[in-house]
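These values consider heavy atoms only, across backbone and side chains, with no hydrogens, waters or symmetry-generated copies. Proteins get letters first, then strands, A, B, ... in listed order; numbering begins at 1 in each.
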Amino acid sequence: MRGISALLALLLWLCCTVVQAEVRLLAWERPPLSSQSEGTAAGLVVDLAGQMFRRAGVDYRIVFVPLQRALMSAQRDADSCVLLVERRQERESSYAWVGPLLISRLGLYALPGNPLQLDSLEQARGLRILSHQGSGGGEYLKAQGFRVEFSNKETLSYAMLQGGRAPLWAASPLVVSSLVRKGETAPREVLPFLTLMEDMACHPQMDAAVLSSLRQALIALYAEGEVARLYQRYGVSLE
Amino acid sequence: MECGMRAGVCLLLLCCHMPGLSAAEPLQQVMDELQPSSLSTEQQRRELQWFIEAAQPFRGMTVRVVSENIHTHWYEANVLAPLFRQLTGIRVVHEITGEDDVVNKLRTQSELGLALYDGYISDSDLIGQHFREGKVLALSDFMVGEGRAVTLPTLDLNDFIGLNFTTAPDGKLYQLPDQQFANLYWYRHDWFARPELKEAFRQHYGYELAVPQNWAAYEDIAEFFSERVREIDGQRVYGHMDYGAHDPSLGWRLSDAWLGMAGVADTGLPNGLPVDDWGIRVENCRPAGASTRRGGALDSPPAVYALQKYIDWLKRYAPPEAQQMSFNQAGNVAAQGYVAQQVFWYTAFTADYTRPGSPMLDEQGLPRWRVAPSPRGAYWQEGMKSGYQDVGAWTFLKNTPLKRLQAAWLYAQFTVAKSVSLRKTLVGLTPIRQSDLDTPAMLEAAPRLGGLVEFYRSRAARRWTPTGANVPDYAGMASLWWRHAYPALAGQVSARQALQQLAEAFDQHLALLGSRQQHACAPRLNAEDSELRWLQAPGAPYPVLSDENPPGRTLPYQEALHAWD
């Protein structure tokens, strides 16, 4: 009898462990949205994810890995989510989605002294455009047949723009403002072209109750203005 | 510069940003781009002048709109939005993205109250959701209220051929048509005319190689090209084209065309009454169930027949890569020259099939292909819808700030005004106005468009209809289609099991909506009953036919077109 009780206790413990399992958040280096320094994660989406998980009462742990590895792991490991990635039609079936956690207004930026004016995306055809791999904007432009040069860091894209390697840089206002140094004139937005929504992409079989509580928590954060306040803290607006 | 517009306008748009240079007569130069027009020169000038004046309070504003990725919308984004700015001083950021993303963004803005866009071009398939949920602006109210001063006097709503698809059962107009495309049968007219192929087909199948009138004939023709002919002029050819990636567009494929043309629904336009082409039964205007147990038809024998045919043909007759393709990837595959026919072909891709240099054009630049009415499934009956038609329409959310809404409404009307629409139609080939279809310019273009103009000029075009008002949450329910259908395509469950699970998921979703939507037309489920009782009752859901494979029947092209009389 004692054996059966112990077994039941073990089963109960295992069951509760599964329900309350810690979610492994696979973030990737993408300052100022997500980055780590001396083992501490920081950035707008790190903060927002933290608020969402705390409100939902779900434990989590952030691990930094390259984006492609994050995308593969979240398809393989039932406790994993990518923080975060564009919710694209061709990715829809590969993940369970929670979001949007980030809404970016992407534009084409040029150096302040460049007189280039664009009225439509089509007028940028033939021009070289810099983009951060994985940010969504470059992939979008490449799919439309534009000349895109990818880099694995936004700082590199900005340096290439400054060095005259290309006339245009596809980026968001948050990224641009974070990279402009004190006393430096910021690049000029020549053409806004895409609103990008990015979500947390979780393993497709992740516990439905966990996903539901995270989604509810996010909706509450939007409704209470917490998301807007967080954006303001980072100097951007949801408008 | 490949900008889809005339060189003069490209120059105008560039010049206007150069210091010291300005367009001497922007209105005239805009008019130069917008030719031909169904309006006289003076009428067009007056209409465009109205935009200049009506936009005065909004000069200097920027508005954001979004639409799906088809040629017509690229023309709007690349040509019309800059022209509109030239005329009015309102800058329009016209974004282009995937249809799924448009729907996600509309839902996000609606649910979270975020100001993402000032206007959407969204399919009229969502009309059943819009009028029940009350978050989308009723344009018919707006035009006589807060939008009165910014509503084009010459808009002429009755001229829009798809207006009934964007008008809800409550009689209100919720969306303004911007582009339309239909789902038709497409085939290689030149191959079908080859004497040696005609003879070989007649010898083997006992009837003529021509436009199939039923699925049995389509299947014979598919088998003929994929398995008997196999090669034409040294190239491997296929008798069927479709797509099957595990992707949201798989759901559109099935809900747009396969079930409706199999004959799942009741007779009656636009979608069948009381059971529609999604297999949903309505009682009055209330969705009452999708499963046969509740009087729906989503898991009825015609639906199983439809899904099974879709799977069998895709695997057996289509190019192998088609199984991994989505809507956008598959759209122009037949234009590459190795597909003989396509049962459901979206005319939105016509531009890919008429482009100079395309293998789809003969030495005279005329199409080697034709479109015709799609063949019908074994359960199809006279009086049912004849096909699917997509109506992309301007849609505005009530939470849009008024001034931004008014500015965006001006741009929306500009993109569909008579001053603009004929030129846009000739570029994008997605007609919306009867007055454009009646112009000499469209008649002149007809021989180059393989039957598209003849289709739209026919009265039959009204039998091609979008998703109906029975579907109370298109955004939420569309995702159930592909999630449940794919396992059948992947061989994990049978077609019948997949549809039973889908129907059950629909019923649960309808029940949830019924508790959430506060509307007289909110879903209210019928009680469960025996399937047999519903199958034996008149109308849909229909019992299984003793023979789902009747003899194949074809008609010569010209005779097949009589269906459009």
A:Leu218, part contacting chain B, at a heavy-atom distance under 4.5 Å: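 Answer is neither: A:Leu218 stays 4.5 Å or more from chain B.
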Side chain / backbone / both / neither for A:Pro100 at chain B, heavy atoms under 4.5 Å: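 For A:Pro100, the side chain is the part near chain B, not the backbone.
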Interface residue of largest heavy-atom contact number with chain A, from B:Ala77, B:Pro248, B:Ser249, B:Gly98, under 4.5 Å: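 Answer, by heavy-atom pair count under 4.5 Å with chain A: B:Pro248.
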Chain A contacts, top residue of B:Leu112, B:Val66, B:Asn328, B:Asn104 (heavy-atom pairs, under 4.5 Å):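 Sorted descending by pairs with chain A, the first entry is B:Leu112.
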pair A:Ile129-A:Leu108: side-chain heavy atoms closer than 4.5 Å: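 Result yes, sub-4.5 Å side-chain heavy-atom pair found.
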Interchain contact, B:Ser479 with chain A, by part (heavy-atom threshold 4.5 Å):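 Nothing of B:Ser479, per the 4.5 Å heavy-atom cut-off to chain A.
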Interchain contact, B:Ala81 with chain A, by part (heavy-atom threshold 4.5 Å): neither
Closest contact, heavy atoms only, B:Val103 versus B:Ala475: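 Closest approach of B:Val103 to B:Ala475: CG1-CB, 3.6 Å.
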Working for ring-ring contact (aromatic ring centres under 6.0 Å, His included), residues B:Tyr120 and B:Trp394: CA-CA 6 Å; B:Tyr120 290 80; B:Trp394 283 99; 9.5 Å; no
A:Arg125 charged N/C atom sitting above A:Phe146 aromatic ring, 6.0 Å / 45°: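 Yes, cation above the ring, under 6.0 Å and within 45°.
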Whether A:Trp28 and A:His132 hold their rings parallel, tilted or perpendicular, with breakpoints at 30° and 60°: tilted
Pair B:Trp252 + B:Phe327: ring centers closer than 6.0 Å: yes
Winner by heavy-atom pair count (cut-off under 4.5 Å) against chain B, out of A:Leu121, A:Thr195, A:Leu194, A:Ile219: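 Of the options given, most contacts go to A:Thr195.
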